[in-house]
6 protein chains.
Amino acid sequence: MTSRVILLIEDDPLILMDVEAALVDEGFEVVTANNGMLAIETFDADPSRIHGVVTDIKIGSGPSGWDIGHHVREAIPVMPVVYMSGDSSHDWEAQGVPHSVMVPKPFVHSQIITALATLMNQPDQI
Amino acid sequence: MTSRVILLIEDDPLILMDVEAALVDEGFEVVTANNGMLAIETFDADPSRIHGVVTDIKIGSGPSGWDIGHHVREAIPVMPVVYMSGDSSHDWEAQGVPHSVMVPKPFVHSQIITALATLMNQPDQI
Amino acid sequence: MTSRVILLIEDDPLILMDVEAALVDEGFEVVTANNGMLAIETFDADPSRIHGVVTDIKIGSGPSGWDIGHHVREAIPVMPVVYMSGDSSHDWEAQGVPHSVMVPKPFVHSQIITALATLMNQPDQI
Amino acid sequence: MTSRVILLIEDDPLILMDVEAALVDEGFEVVTANNGMLAIETFDADPSRIHGVVTDIKIGSGPSGWDIGHHVREAIPVMPVVYMSGDSSHDWEAQGVPHSVMVPKPFVHSQIITALATLMNQPDQI
Amino acid sequence: MTSRVILLIEDDPLILMDVEAALVDEGFEVVTANNGMLAIETFDADPSRIHGVVTDIKIGSGPSGWDIGHHVREAIPVMPVVYMSGDSSHDWEAQGVPHSVMVPKPFVHSQIITALATLMNQPDQI
Amino acid sequence: MTSRVILLIEDDPLILMDVEAALVDEGFEVVTANNGMLAIETFDADPSRIHGVVTDIKIGSGPSGWDIGHHVREAIPVMPVVYMSGDSSHDWEAQGVPHSVMVPKPFVHSQIITALATLMNQPDQI
C-alpha cells in the first residue's frame with residue numbers, strides 16, 4: 001500500500017531520531033525538519049503529500065509549533081496535528097488548534113502513535 | 001444566587017442587542033463590547049469576574065474574535081469560548097481554541113445557550 | 001436574522017403539533033410531513049433549504065425514519081438528524097446514522113432542542 | 001405525553017424551590033428530598049419511576065450526593081446523574097460516577113436543563 | 001487467556017493477508033471472509049463468538065460492508081465495527097452505524113488496531 | 001527520556017506477569033502490587049512518581065480496584081485509571097471514576113496500551 005507521510009518537527013536530534021524510528025517502525029514514511037522555517041517550507045512545497053504533523057513547541061527562532069499548527073490547518077482544515085512538549089503543555093488550551101492532541105514530555109512511543117492513529121481515522125470529523 | 005457574567009463581543013448592534021436579550025433572559029449577566037480592543041480592556045480589568053466569552057469573529061480593526069479567544073485562554077485556561085460567525089466558520093479548525101464551539105450564523109438563541117451551558121458545566125475538562 | 005428551517009416528520013398529529021410549537025417557540029421555522037414519502041419529496045425539492053431533520057421512526061407505510069436519515073445524509077453529509085421513538089430506540093445502534101441523536105419517547109421539549117442545537121453547532125464535525 | 005420524573009435532592013430550601021420551578025417549567029415532573037436518607041428511600045420505593053437525578057453534594061448527615069450517585073447507578077446503570085456543588089466540584093474526578101455532569105454553583109437554569117437533556121438522550125450510551 | 005476473535009472481510013487477497021497478519025501479531029484470533037455472503041454466514045453461525053468486525057466496503061456482488069455493519073449490530077447492538085475504504089469513506093455519514101470507525105485507505109496497521117481497541121474497551125458505551 | 005511509571009495491581013500472577021511484560025515492552029516502567037493494601041501503600045509513598053494506574057477489581061480482601069481508583073484520584077485528580085475485569089465490568093457505571101476506562105477480560109495487550117496512551121495524552125482534560 002501507499003505510505004502515510006508524517007511531517008515531524010523537533011530540534012533535539014536525539015528525540016527526533018527516536019520518534020522518527022518509532023514512526024517508521026509503525027509503517028509511516030517520515031519527513032523531518034529541525035526548525036519551524038524549514039517545516040513550513042517542506043509543508044508548503046506539497047501540502048497534499050502530508051497526512052499528519054507531529055511537532056515540538058519550542059524549536060529555536062522562527063515559527064513555533066503553535067504557528068505550524070495554525071499554518072497547516074489553514075491549508076488543510078482536517079490535518080491531524082500532534083504536539084509534543086515539556087513545559088509548554090499548559091499553553092495548549094490557548095495556542096493549540098481544535099481536535100489536536102498534546103503529548104506531554106516525557107512520553108512513550110505509544111502515546112504518539114495512538115494520538116496519530118485516532119486523528120487519522122475519520123478525518124472528516126476533525 | 002450570584003450571577004454568571006458573560007462577555008459578549010459583536011459589532012452589529014442589532015445582533016448584539018438580540019443575543020444580549022437572550023442571555024439576560026436565561027439568567028446571565030452580560031457585559032458587552034463592540035470591538036476587540038474594548039473587549040480585551042474589559043476582560044483584563046477583572047478576568048475572574050468573567051465566566052464565559054461569546055464573540056463575533058470580524059469586529060472591525062483591532063483584535064479579531066480569534067485573538068480574543070487566545071487572549072482569554074492565556075489568562076484563564078478553562079474559560080468557555082463560543083464563536084459566532086457567518087463566513088469565517090471554516091477557519092475554526094485553524095484559528096479556534098481547543099474545546100470551543102463555533103456557532104454558524106444565522107442561528108437560533110438555543111444554539112448559543114446550549115454551547116455556553118455545555119462548556120460551563122465541568123470547566124475542569126476544557 | 002434568516003430563519004433556521006427544520007423538517008419535522010411525525011404521523012401522530014398531537015405529537016406533531018406539540019413538537020412543532022416547541023420548535024417555533026425557539027425561533028426555528030418548521031416544515032412538516034406526516035409520512036416518509038412526503039418527507040422525502042419535501043426534502044428533495046430543495047435540500048439546501050433544510051438545516052436539520054427531526055423524525056419519528058414508524059410513520060406508516062413507505063420510508064421509515066431510518067430511511068429518511070440515510071437519504072438526507074446522502075444528499076448533505078453534515079445534516080443534523082434527530083430521531084424520536086418509543087419502542088424502536090434500541091435499533092439506533094444498527095439503523096441510525098453516525099453522530100445522530102436518539103430521543104426516547106416520552107420526552108420533554110428540551111431534549112429535542114438540546115439535541116438539535118448541539119448538532120447544528122460546528123456542523124463540519126458531524 | 002407521560003411525564004419524565006426527576007429526583008431532586010437539595011437541603012437549601014431556596015435553591016430547592018428555584019431549581020424545582022425551573023424543571024417544572026421545562027415539563028419535568030419533580031420529586032424532591034432535602035436529605036440523603038429520604039432521597040434513597042424515595043428512589044428505592046420505585047426506581048423505574050425515576051428518569052434522572054439532580055443532587056447537591058453536602059446535604060447534612062447521612063448519605064452525600066456522591067453516595068446517592070453510586071446508589072442509583074447500582075440499581076439502574078444508565079441513570080442520568082447531575083451534581084450541583086459549590087466547594088465540592090473539585091472532588092468530581094474522584095467521587096463522581098462516569099458520564100455524570102458536575103454543575104458548579106452558582107449556575108443558571110440552562111446548565112441544569114442542558115446537562116439533563118444531554119444525558120437523557122441516548123441513555124444506552126451512559 | 002481466551003482469544004478475542006475478529007471477523008475480517010476483504011476481497012483483495014493481499015490486503016486481507018496483510019491486515020490478518022497485523023491482527024494476529026497483536027494477539028487477536030482472526031476469521032476471514034472474502035465476500036459479504038460468506039461474512040454473514042460465518043457471523044450467523046455463532047454471533048457470540050465474534051468480538052469485533054473489520055470490513056472493506058466494496059466486496060463484489062452480494063452484501064456490502066455497510067450491509068454487514070447493519071446486520072451484526074442488529075444481532076449484537078454493542079458489536080465494535082471498523083470500516084476500511086478508499087473511495088467510499090465519504091459515505092460513512094450516510095451508511096455507517098453509530099460509534100463505528102472509518103479507516104481511510106491507505107492506512108498503517110496502528111489505525112486498525114487503535115480503532116478496534118478503543119471500541120472494544122467499555123463496550124456498553126457503543 | 002525519563003520513564004513513565006505505571007502502578008499495576010493484579011492478584012493473578014500469570015496475568016500480572018503478562019501485562020507487566022506488555023507494558024515494559026512499550027517503554028513503561030512498571031511497579032506492581034498483588035493486593036489493594038500494598039497498592040495504596042506503594043502509591044502513598046510517592047504519588048507524584050506514578051503516571052498511570054492499571055488495576056484489577058477483585059483483588060482479595062482489603063481495598064478493591066474501585067477503592068484504589070477513588071484513592072488515587074483524591075491525591076491526583078488527573079491520574080489516568082484503567083480497570084481490568086471479567087465479571088465486574090458492569091459495575092463500572094456505578095463504581096468507576098469519571099474518564100476512566102474499563103477493559104473487559106479477556107483482552108489483548110493493545111486494549112490496555114491504547115487506554116493508557118489515550119488517558120495520558122492531554123491529562124488536563126480528565
Side-chain angles (χ1 to χ4, degrees), chain B residues 10-23 25-27 52-57 65-66 69 80-122 126, chain C residues 1-8 18-32 46-55 72-73 75-84 99-103 107-126:
Chain B
E10 169 66 65
D11 64 351
D12 180 323
L14 289 181
I15 299 181
L16 182 70
M17 286 176 55
D18 179 65
V19 176
E20 183 181 10
L23 290 169
D25 202 47
E26 291 287 334
V53 171
V54 178
T55 184
D56 188 22
I57 300 302
W66 304 130
V81 173
V82 178
Y83 305 104
M84 310 174 286
S85 181
D87 53 0
S88 299
S89 63
H90 59 285
D91 289 333
W92 179 78
E93 287 88 350
Q95 303 298 342
V97 291
H99 298 288
S100 60
V101 176
M102 164 58 69
V103 180
K105 291 181 182 174
F107 51 76
V108 298
H109 296 156
S110 300
Q111 291 178 257
I112 302 287
I113 304 300
T114 298
L116 264 182
T118 301
L119 292 172
M120 294 177 74
N121 292 340
Q122 302 176 313
I126 289 183
Chain C
M1 270 188 275
T2 314
S3 260
R4 302 274 83 190
V5 180
I6 305 299
L7 174 57
L8 172 66
D18 179 65
V19 176
E20 183 181 10
L23 289 169
V24 168
D25 201 47
E26 291 288 332
F28 292 106
E29 184 175 335
V30 184
V31 179
T32 64
D46 187 359
S48 67
R49 176 190 173 208
I50 305 295
H51 303 100
V53 172
V54 178
T55 183
V72 301
R73 282 284 180 88
I76 302 184
V78 298
M79 178 64 67
V81 174
V82 178
Y83 304 104
M84 309 174 287
H99 298 287
S100 61
V101 177
M102 165 57 70
V103 180
F107 51 76
V108 298
H109 297 155
S110 300
Q111 291 177 257
I112 302 287
I113 303 301
T114 298
L116 264 182
T118 301
L119 293 172
M120 294 176 75
N121 291 339
Q122 303 177 312
D124 295 346
Q125 292 183 80
I126 289 182

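We name chains A, B, ... by the order of the sequence lines, and we start the count at 1 in each one. Just so we're clear, the structure is a prediction, and the values are computed from it rather than from any experiment.
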Measuring from atom NE2 of His109(B) to atom CD1 of Ile113(C), what distance do you get when rounded to the nearest 0.5 angstrom?
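One gets 13.5 Å once the value is rounded to the nearest 0.5 Å.
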
Nearest-0.5 Å distance, OG of residue Ser100(B) to CG of residue Asn121(C):
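Here the interatomic distance stands at 11.0 Å.
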
Val101(B), Ile112(B), Val103(B): which one forms the most heavy-atom pairs within less than 4.5 Å of chain C?
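Top option by heavy-atom pairs under 4.5 Å: Val101(B).
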
With sequence neighbours excluded, tell me which residues meet side-chain contact (heavy atoms from CB on, under 4.5 Å) with Thr114(B).
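For Thr114(B), the residues satisfying side-chain contact (heavy atoms from CB on, under 4.5 Å) (neighbours in sequence not counted) are Thr118(B), Thr114(C), Ala117(C), Thr118(C), Thr114(D).
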
Partners passing side-chain contact (heavy atoms from CB on, under 4.5 Å) against Glu20(C) (at least two apart in sequence or in another chain):
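In terms of side-chain contact (heavy atoms from CB on, under 4.5 Å), with neighbours along the sequence ignored, Glu20(C) is linked to Leu8(C), Val24(C), Val30(C), Thr32(C).
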
Looking only at heavy atoms, what is the nearest atom pair of Arg4(C) and Val108(B), with distance?
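That closest heavy-atom pairing would be CG-CG1, 3.9 Å.
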
